[in-house]
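Note: hydrogens, waters and symmetry copies are ignored here, and every other heavy atom, side chains too, is used. Bear in mind that the values here come from a model prediction, so they are computed numbers and not experimental data. Protein chains get the first letters and strands the later ones, always in sequence-line order, with residue 1 at the start of each.
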Amino acid sequence: MLQVKVIREEKQRIINGLRKRGWSAAQIKIIDQIIGLDEQRRNTQKDMDDSLAEGNKLAKSIGQMMAQGQKAEAEALKIEVAALKTKSKMMEEQLNTLKAQLDELLYSVPNIPHKSVPKGKTPEENKVAKDWKKPFPALADTALPHWDLAKQYNLFDFELGVKLTGSGFPVYRGKGARLQRALIQFFLDEAGKAGYEEIAPPLLVNEDTARGTGQLPDKEAQMYKCDLDNLYLIPTAEVPVTNILRDEIVPAKDLPVKMTAYTPCFRREAGAWGAHVRGLNRVHQFDKIEIVQIEHPDRSYKTLQGMIRHVEKLMNKLELPYRILLLCGGDMGFASAKTYDFEVWSGAQKRWLEVSSVSCFETFQSNRMKVRFRDENGKIELVHTLNGSALALARIVAALLENNQTPEGIRIPKVLWKYTGFKMID
RNA sequence: GGAGAGGUGGCAGAGUGGUUUAAUGCACCUGAUUCGAAAUCAGACGUACCUGCGAGGGUACCGGGGGUUCGAAUCCCUCCCUCUCCGCCA
C-alpha cells in the first residue's frame with residue numbers, strides 16, 4: 001500500500017503513475033478522496049489529542065487535590081473531566097471510522113510503476129527486454145505435448161490426482177517424481193551459491209501474515225483456507241518469507257537480506273480456467289523456489305538486475321530457450337513497481353510459458369508490513385522488497401519434457417544428472 | 001485434550017490504582033581516560049501519529065480487544081500466545 005504522505009506530497013507523480021497503469025480520470029479521483037480523508041483524519045487526531053491532554057492534566061490535579069484534602073474542589077473537577085472524556089471518546093470513534101475508510105481506499109490503489117516501465121494496458125504491450133536469438137529445438141512433427149509424454153513414460157498422472165484430490169493436483173511418479181526433486185535441489189543449490197539463506201517456512205500462515213504481503217483482504221478467493229484454525233495455505237513462499245521481517249527494523253549494514261525457500265504453492269485459481277490450461281500449464285499445487293531480497297532503496301533496481309541474471313543463469317544451465325519481458329503498466333501485478341517475466345519456449349505446444357516473475361515492490365509491501373531499516377544517521381526508513389521465482393517447477397518440467405524429446409527418450413540436461421541419477425527418461 | 005504458571009523496552013528484570021516523563025542491570029551509541037585497547041567514569045539510549053521553519057510540544061502504546069475509574073502496566077471481562085507437567089502422537 002502506498003504511503004499517504006507520499007500521495008499528499010507527490011500527488012502529480014502518483015496520478016501519472018496510475019495513468020500508466022491505464023487508470024481513467026474517473027478512477028483517479030480516488031486520490032483526491034484520499035487526500036481529503038487524510039486531512040480530516042489529521043484534524044480529528046489533533047482535536048482528540050488536545051482533549052485527551054486536557055483530561056490528563058485535570059486528572060493529575062485531582063490527584064494532588066485529593067492528597068491535600070481539597071475534596072470539594074476535586075469533585076467539581078471530576079464533572080468537568082467526565083465531559084471531556086465523552087468528547088474524546090466520540091472523537092476516537094470518528095478517528096477510527098476515518099482510518100478505516102482511508103485504509104480501504106489505500107488498499108485499492110496499486111503501486112506506481114517505475115519510470116522505466118512502458119505504458120500499456122494489455123499483455124500485448126509488454127516490451128521484449130531480451131529475445132531468444134538462437135533457433136528453437138528441432139522437433140519432429142510427431143513431437144508430443146508434455147501431457148502425452150507423461151502418459152507414455154508414466155511421469156505424472158492427472159486422473160489419479162482427481163481421484164485423490166481433484167483436478168489440477170497432479171501425482172508425480174517414478175522418474176517424474178525424481179525429476180521434480182532434482183530440480184528443487186538444483187534450484188536451491190544455485191540460490192545458496194548466490195548468497196541466499198535457505199528458509200524452510202510453514203506452508204500455512206495466519207491472517208496477519210496473509211495481510212502483510214497483500215493476499216488479504218483482496219485476494220482471499222485465491223487462497224485455500226483452513227477455516228477451523230483460521231489459517232491459509234500459502235500461494236507462494238513469498239508470503240511467509242517476506243513476513244519474517246514484518247514489524248522489524250533492520251540495521252542498514254544487514255542489507256540486503258537475501259532469502260530463498262522451496263515450497264509447494266497452493267492456488268485456487270478461481271475463474272482462471274480456459275484455453276491453454278492443459279497439463280502442467282496451470283495447476284492448483286506446484287513447487288516453486290522463490291528468491292527474496294530486502295534492500296536499501298538506493299540499490300534496489302541494481303539488485304533487480306542481479307536477480308534477473310540469476311534466473312537467466314538457471315535457464316541457460318537447463319538449456320532452455322527463454323525470453324524476458326518487461327511488463328507494461330497495465331499488466332503488472334498490483335503491488336509491483338517493475339516486473340520482468342521470464343517465459344520458456346514449450347517446443348511441442350509451440351508457445352511461451354511464464355515461469356518466473358521478478359519484481360521490485362519498492363516500499364509498497366514494506367509499508368504495509370512495516371519493514372524498516374535504520375540508516376547511518378539513525379533515521380528510520382522503509383526498505384524496498386524484491387522477489388522472483390527461481391524457478392517455478394511445473395511449467396519448467398513441461399518445457400523440459402517437450403523440448404528434449406528424442407526417438408530414444410527424453411534427454412535430461414547435464415546439470416541435473418547428479419540430482420536425477422539418470423540421463424534419459426526412456 | 002487436561003492441570004498449573006506466565007506474557008513489561010534489543011535482552012534480563014522490578015513495579016498490584018495517583019510526580020511511572022516504567023526502577024535497575026546487560027547490550028548498543030557518544031565522550032573522557034589510553035600510544036591503542038581492556039577496565040573505569042560521564043552522558044545518550046523505544047515506536048507510531050499529530051503539531052511546529054526549528055528548538056520543541058502533544059497523544060497513544062507494558063500480548064490483542066473491551067470494561068471499571070477523575071486517574072490503569074496495576075482491578076474486571078474476553079481472546080491470543082508461551083512455558084512446565086500429564087495424556088495422545090510422527
Across the strands shown, which category fits [X] at heavy-atom distances under 4.0 angstrom: base, sugar-phosphate, nothing?
| X | answer |
| --- | --- |
| A:K253 | nothing |
| A:K370 | nothing |
| A:I380 | sugar-phosphate |

When rounded to the nearest Å, what value does the distance between [atom1] atoms of [N] and [M] take?
| N | M | atom1 | result |
| --- | --- | --- | --- |
| B:rA42 | B:rU33 | P | 16 Å |
| B:rG36 | B:rA23 | P | 35 Å |
| B:rU84 | B:rG13 | P | 15 Å |
| B:rG63 | B:rA12 | P | 14 Å |
| B:rA3 | B:rA73 | P | 32 Å |
| B:rC77 | B:rG4 | P | 15 Å |
| B:rA22 | B:rA72 | C1' | 13 Å |
| B:rU16 | B:rG6 | C1' | 16 Å |

I'd like to know if [X] and [Y] make a salt bridge, using a cut-off of under 4.0 Å between side-chain N and carboxylate O.
| X | Y | answer |
| --- | --- | --- |
| A:K225 | A:E207 | no |
| A:K193 | A:D189 | no |
| A:D103 | A:K99 | no |
| A:K46 | A:D49 | no |
| A:E190 | A:K317 | yes |
| A:D32 | A:K29 | no |
| A:K121 | A:D331 | no |

Pairing partner (Watson-Crick or G-U wobble, both distances under 3.5 angstrom) of [N]:
| N | answer |
| --- | --- |
| B:rG18 | B:rC70 |
| B:rU24 | B:rA12 |
| B:rU82 | B:rA5 |
| B:rC41 | B:rG31 |
| B:rG36 | none |
| B:rC61 | B:rG46 |
| B:rA55 | none |
| B:rA90 | none |

key: Identified ring-ring contact (aromatic ring centres under 6.0 Å, His included) counterpart of A:F156 within the set A:Y172, A:W147, A:F286   =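 The ring-ring contact (aromatic ring centres under 6.0 Å, His included) with A:F156 is passed solely by A:Y172 among A:Y172, A:W147, A:F286.
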
query: On RNA chain B, nearest-nucleotide positions of A:R374 versus A:K85: which is more 5'?
result: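 Its nearest nucleotide being more 5', the pick is A:R374.
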
Between A:D38 and A:I79, which residue's closest nucleotide on RNA chain B lies nearer the 5′ terminus?
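Going by which nucleotide is closer to the 5' end, it is A:D38.
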
message: Under a 3.5 Å cutoff, is there a donor and acceptor pairing between the side chains of A:Q180 and A:D287?
response: yes

Q. Taking all non-hydrogen atoms of both residues, which atom of A:A210 and which atom of A:V239 are closest, and how far apart?
A.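 That would be CA-CG1, 4.4 Å.
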
So the side chain to side chain donor-acceptor pair (under 3.5 Å) pairs with at least one residue in residues 148-162 of chain A (sequence neighbours excluded) are none

Within residues 41-59 of chain A, the residues having a heavy atom closer than 4.0 Å to RNA chain B are A:R41, A:R42, A:Q45, A:K46, A:D49, A:L52, A:A53, A:N56, A:A59

*Give me the first and last nucleotide of RNA chain B, going 5' to 3', that has any atom under 4.0 Å from a heavy atom of chain A.*
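Contact boundaries, 5' end first: B:rG18 to B:rG71.
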
